[in-house]
Protein chains: 2
Amino acid sequence: MSRDYRLSRMLHVLIHMGQSEKACTSQEIAAMLNTNPVVVRRTLAGLRDQGYVMSEKGHGGGWRLTRPLDQITLLDVHRALGPGALFAIGPSRDSPDCLVERAVNASMADAFARAEAVLIKELSARTLADIVDGMPHVARRKTHHGSRGHTP
Amino acid sequence: MSRDYRLSRMLHVLIHMGQSEKACTSQEIAAMLNTNPVVVRRTLAGLRDQGYVMSEKGHGGGWRLTRPLDQITLLDVHRALGPGALFAIGPSRDSPDCLVERAVNASMADAFARAEAVLIKELSARTLADIVDGMPHVARRKTHHGSRGHTP
DNA sequence: TCCCACGCTACTTTGCAAGTTACATTTGCC
DNA sequence: GGCAAATGTAACTTGCAAAGTAGCGTGGGA
């Protein structure tokens with residue numbers, strides 16, 4: 001079962017944006033993430049619509065953060081990416097009228113809801129600035145990406 | 001992103017086995033889950049290998065529980081299904097040398113680990129018998145499945 | 001002996017998000 | 001004004017892991 005790497009990727013990208021003076025183009029971000037510029041635009045569109053980034057067309061255009069890193073939580077980003085499932089495991093719907101299936105799904109839903117509550121709490125308690133603060137000192141000023149772009 | 005319904009399905013099936021006097025065939029279980037008998041055998045093989053069910057060939061053969069429902073937890077079943085991901089979201093590996101990516105993944109890993117710990121705790125604290133106890137009284141004795149098999 | 005039933009391999013199909021192509025539109029630079 | 005940089009978005013293709021399926025082997029009870 002393939003995984004959803006969008007959250008990790010966007011957190012990565014947003015921190016780089018927060019540390020850059022100029023706008024980042026979709027092409028540059030695509031190179032950073034080993035993907036296609038169109039995929040970058042699709043993903044960032046959600047963050048733009050929720051107000052965390054803004055985009056500009058034309059020369060010198062690209063993407064910029066709209067607020068400081070300490071005002072964006074991991075939960076903010078997760079939610080801006082849209083209603084994707086948190087858990088890979090879900091309730092089956094083979095026999096909706098079956099009382100056993102209902103009871104099983106109810107018990108699972110309760111267990112998963114508790115775990116989700118913890119995850120939501122954890123994600124909302126961390127900002128992008130916290131992630132930067134957790135990095136080695138030298139890295140805060142100059143991340144791995146030099147003038148020659150992201151290391152493949 | 002498709003979901004993994006095996007846990008829910010197996011919990012469903014195991015409870016029915018626990019309430020049945022006779023063995024359940026792969027064909028019967030497949031009908032219950034709207035799937036193919038081969039898929040049922042594949043999935044139950046893991047539970048058999050871990051000792052929760054046993055299988056018998058030939059007339060009157062099929063699958064049976066090896067222990068009472070109150071001695072099987074949701075975690076037991078989950079683990080018997082093999083190393084599948086709990087979360088749909090994962091760490092990206094676009095730039096393994098990038099310090100930002102590492103910091104992002106470390107922060108996410110910590111948050112997800114806390115949620116996973118809660119889920120593991122919840123799943124290990126519930127048995128299949130607890131699920132049955134949570135059902136309406138009449139349903140405990142005679143679940144929806146009558147002599148004519150599972151309702152589609 | 002026959003048929004029930006599991007065991008398992010090998011191959012095909014499916015679902016769906018990413019990948020890709022293509023084109024429209026905006027915008028700053030020269 | 002022309003050109004190139006850059007986003008926006010539709011439409012189509014691709015990749016891939018798990019389910020679906022066909023087929024055959026083997027054990028075992030009637």
Side-chain angles (χ1 to χ4, degrees), chain A residues 1-10 13 17 20 22-50 52-66 81-86 88-90 92-94 149, chain B residues 1-10 13 17 20 22-50 52-66 81-85 87-90 92-94 149:
Chain A
M1 175 165 302
S2 65
R3 308 288 287 283
D4 183 354
Y5 304 109
R6 291 178 303 153
L7 179 58
S8 179
R9 284 176 146 185
M10 288 302 104
V13 165
M17 274 186 200
S20 175
K22 67 177 184 65
C24 303
T25 67
S26 302
Q27 183 61 47
E28 288 168 352
I29 297 170
M32 186 187 297
L33 305 180
N34 294 324
T35 187
N36 192 282
V38 176
V39 175
V40 171
R41 292 186 191 118
R42 278 181 194 149
T43 314
L44 282 172
L47 297 177
R48 178 200 59 215
D49 293 345
Q50 294 299 314
Y52 300 106
V53 297
M54 63 185 195
S55 59
E56 286 178 279
K57 293 178 175 179
H59 259 285
W63 303 84
R64 295 175 189 275
L65 278 182
T66 54
L81 292 174
L86 268 175
I89 296 171
S92 63
R93 296 275 196 276
D94 304 308
Chain B
M1 177 165 301
S2 65
R3 308 288 289 281
D4 184 354
Y5 305 109
R6 291 178 303 153
L7 179 59
S8 179
R9 283 175 147 184
M10 287 302 104
V13 164
M17 276 185 200
S20 175
K22 66 176 185 67
C24 304
T25 67
S26 302
Q27 183 62 47
E28 288 168 351
I29 298 170
M32 186 186 297
L33 305 180
N34 295 322
T35 188
N36 193 281
V38 176
V39 176
V40 171
R41 291 187 192 117
R42 277 181 193 148
T43 314
L44 283 173
L47 298 176
R48 178 199 59 215
D49 294 345
Q50 295 299 312
Y52 300 107
V53 297
M54 65 186 194
S55 58
E56 286 177 280
K57 295 178 174 178
H59 263 286
W63 303 85
R64 296 176 189 273
L65 279 182
T66 54
L81 292 174
F87 297 99
I89 296 171
S92 63
R93 294 275 195 279
D94 304 308

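The chains referred to below are lettered A, B, ... by the order of the sequence lines, with proteins before strands, and numbering in each begins at 1.
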Inset, instruction - Between A/Arg6 and B/Gly60, just flag the one whose closest nucleotide in DNA chain C comes earlier from the 5' side. - result: B/Gly60

Legend entry - Sugar-phosphate, base or nothing in reach of A/Gly61, heavy atoms under 4.0 Å: sugar-phosphate

Inset, instruction - Mind checking A/Arg9 for me? I need base, sugar-phosphate or nothing, with any heavy atom below 4.0 Å counting as a touch. - result: nothing

To the nearest Å, give me how far apart [atom1] ([X]) and [atom2] ([N]) are.
X	N	atom1	atom2	result
A/Tyr5	C/dA18	OH	C1'	12 Å
B/Leu33	D/dA19	CG	C1'	13 Å
B/Lys57	D/dT26	NZ	C1'	4 Å
A/Lys22	C/dG28	NZ	P	17 Å
A/Gln27	C/dT21	CD	C1'	14 Å
A/Met54	D/dG8	CE	P	12 Å
B/Leu47	C/dG7	CG	P	12 Å
A/Arg3	C/dA18	CZ	P	14 Å

Legend entry - Pair of N/O donor and acceptor under 3.5 Å linking D/dT7 base with A/Arg64 side chain: no

Legend entry - Any N/O donor-acceptor pair, A/Arg42 side-chain to C/dG19 base, under 3.5 Å: yes

Legend entry - No-hydrogen, no-angle side-chain donor-acceptor test under 3.5 Å, B/Trp63 and B/Ser26: yes

Legend entry - Contact nearer the 5' end of DNA chain D, comparing B/Val39 with A/Trp63: A/Trp63

Contact under 4.0 Å: [X] side-chain N or O vs [N] OP1/OP2:
X	N	result
A/Ser26	D/dA6	no
A/Ser55	D/dT7	no
B/Arg41	C/dG7	no
A/Asn36	C/dT20	yes

Legend entry - Beyond-backbone contact of B/Leu44 with B/Met10, side-chain heavy atoms, under 4.5 angstrom: yes

Inset, instruction - Please check if the side chain of A/Glu28 supplies one atom and the backbone of A/Thr25 the other of a donor-acceptor pair under 3.5 Å. - result: yes

Inset, instruction - With rounding to the nearest 0.5 Å, note down the distance linking OG in B/Ser92 to CG in A/Asn34. - result: 9.5 Å

Legend entry - Point-to-point distance, once rounded to the nearest 0.5 Å, from CE of B/Met32 to CD1 of B/Ile29: 6.5 Å

Inset, instruction - Could you please name the option among C/dT21, C/dA5, C/dT9 that lies closest to any side-chain atom of A/Val38? - result: C/dT21

